[in-house]
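The analysis underlying the following values was restricted to heavy atoms, covering all of them including side chains, and did not include hydrogens, waters or symmetry mates. Atoms within a ligand are numbered from 1 in the order they appear, just like the ligands themselves. Starting from 1, each residue takes its place in the sequence as its number.
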Amino acid sequence: MAERTVAAISTPKGEGGISVIRISGDEAVSIADKCFKAISGKPLTGLKGYSAAFGKAIRPDGSVIDEAVALVFRSPKSYTGEDVAEISVHGGYIPANECLKSVFAAGAYPAEAGEFTKRAFINGKIDLAEAEGVMEIIGARSAAALDIAMRAKEGYISRDIENITERMLFTAASLAAYSDFPDEDIEGLDYEHFSALLLECEAALEKLISTFEGGQAILAGVPAAIVGKPNVGKSTLMNMLSREEKSIVTSLAGTTRDVIEAQVRAGNVMLLLADTAGIRETQDSIENIGVERAIRKLRSSALILAVFDISEPLDGEDLKIIDMLKGKKCIAVLNKNDLAKKADLSPLEGIMTVSVSAKSGNGGDTLISAIENICKTAEITEGDTVLLNERQYSCAIRAKSAITEARSALLSGVTLDAVTVLIDDAVNALLELSGKRASESVVEEIFKNFCIGK
Ligand code: GDP
């Protein structure tokens, strides 16, 4: 059944240079033609793909909405793989919305969230990993995140996965050929050779998996908290780290001694950073609420920057905080290094420490490198393929453990049929990752997170 023609405003709603109304489907160009009058007088339906026309966007009664440019793309050479028309009007909600209403009146249906990209997937223009790359491009919060997302959109993940899948299928087919022979003829089977092939696939997957943690620190960000007793310099450190991006520092509703949160880029790590109230014993009930929240933040954050004032000896409050750091990914920030050092740092043994002066900014670069190291982004080098999300990661993990099992089954003399079943499991997980064999519900889940118009 032919998909019905859909339309949506593809640009953000608000004032801007232009707004684009995208229409995709068999009727895209004829619908656009009813809503657009070219200065040349020529109908859009006569245009070849990759053509533009200047004219007016019009309502069904012929009244003019705005000046406009119409673009025509012909199947399969379009974003969705279908015929696509795009009408660009002046940026602003009213011209765009009037134009969209006109497009609906001419026969288009409203596009659902991510529907254009979903159609590109269904029509084989992109696979799931590439579609997820598109989503990450749109949501990129740093140049490093954009770089990873672009590589995914360009098919680097898909190529790596395909490469591994092909090697797995070759191994399975070779083993299947042997399993057709009676037992005595299997003697010629070179177990070491096939084991080595599986090991290669396992190593390739391991490499992909190893970039996940660092990749997430760049793409999704790391929930992090600055903790410490009062006056050690937590707010000063927060300001130092968020210097460039102060505008997005937001104060959460609550008391003034509440948690302050900001997205802060430390090198290529995106920190979702909370500056918490000073942790100490207090009789002040309002302050206590802040202290409790700070402790909760400490427990729930993936990374802790624990601040200590080294111009004073560490006291009982500091030691209690050090105790709370056990088992957490954490950096002890030894602050106020511009003053004479009075603290004995032996209680911090075993914890990564960085000496800074939050006030002067001294030590800032070392702290950023430490954050990149602990968040594993330092391990990602330019050109690495990076998995984008939990879905891709869990498919890769499933595939890898099936390969590990297949390899040990092969070497322990289990029937070849059983080995090929395990290889099939691995292949299925990889095909799910790229979307070549993903269930309808997985596909639905992915595209529903897109915005309307993409
Ligand atoms: P918080 O209560 O932990 O958030 O601490 P603040 O950031 O408000 O800082 C407490 C006091 O320490 C302020 O007077 C800061 O100016 C001072 N302070 C913070 N960092 C430094 C530092 O690196 N060196 C010095 N000398 N003073 C600092």
Item checked: Protein contact for atom 19 (C) of ligand 1 (heavy atom, distance under 4.0 Å) -> yes

Notebook entry, point to check: Can you check side chain to side chain contact (heavy atoms under 4.5 Å, CB included) on Thr385 and Thr211, steps first, answer last?
Noted result: CA-CA 8 Å; Thr385 307; Thr211 60; over 6 Å; no

Is a donor from one side chain sitting under 3.5 angstrom from an acceptor on the other, for [X] and [Y]?
X: Asn337; Y: Ser355; answer: yes
X: Arg167; Y: Asn163; answer: yes
X: Asn362; Y: Ser360; answer: no
X: Thr236; Y: Asn239; answer: no

For [atom], closest protein heavy-atom neighbour:
atom: atom 11 (C) of ligand 1; value: Lys336 NZ, 4.0 Å
atom: atom 27 (N) of ligand 1; value: Lys359 CD, 3.5 Å
atom: atom 5 (O) of ligand 1; value: Gly233 N, 3.1 Å
atom: atom 15 (C) of ligand 1; value: Thr236 OG1, 4.0 Å

Notebook entry, point to check: Can you tell which part of Asn335 has a heavy atom less than 4.0 Å from ligand 1: side chain, backbone, both or neither?
Noted result: side chain

Next item on the list: Just let me know how Asn231 lines up against ligand 1, side chain, backbone, both or neither, with a heavy-atom cut-off below 4.0 Å.
Entry: both

Item checked: Parallel, tilted or perpendicular: rings of Phe73 and Tyr50 (30°, 60°) -> perpendicular

Enumerate the atoms of ligand 1 whose separation from the nearest heavy atom of [X] is less than 4.0 angstrom.
X: Ser357; value: 22 (C), 23 (O), 24 (N)
X: Asp338; value: 22 (C), 23 (O), 24 (N), 25 (C), 26 (N)
X: Leu339; value: 26 (N)

Note to self: Does the residue Ala358 have a heavy-atom contact with ligand 1, meaning some pair of atoms that are separated by less than 4.0 Å?
What the structure shows: yes

Item checked: Lys448 bridged to Glu444 by N-O distance under 4.0 Å -> no

Item checked: Residue Arg299 excluded, over 12 heavy atoms near CZ under 6.0 Å -> no

Notebook entry, point to check: Counting only heavy atoms not in Phe104, do more than 12 fall under 6.0 Å of its CZ?
Noted result: yes

Check: Does an N or O from Ser360, backbone or side chain, lie closer than 3.5 Å to an N or O of ligand 1?
Finding: no

Check: Would you say ligand 1 has an N or O under 3.5 Å from any N or O of Pro230?
Finding: no

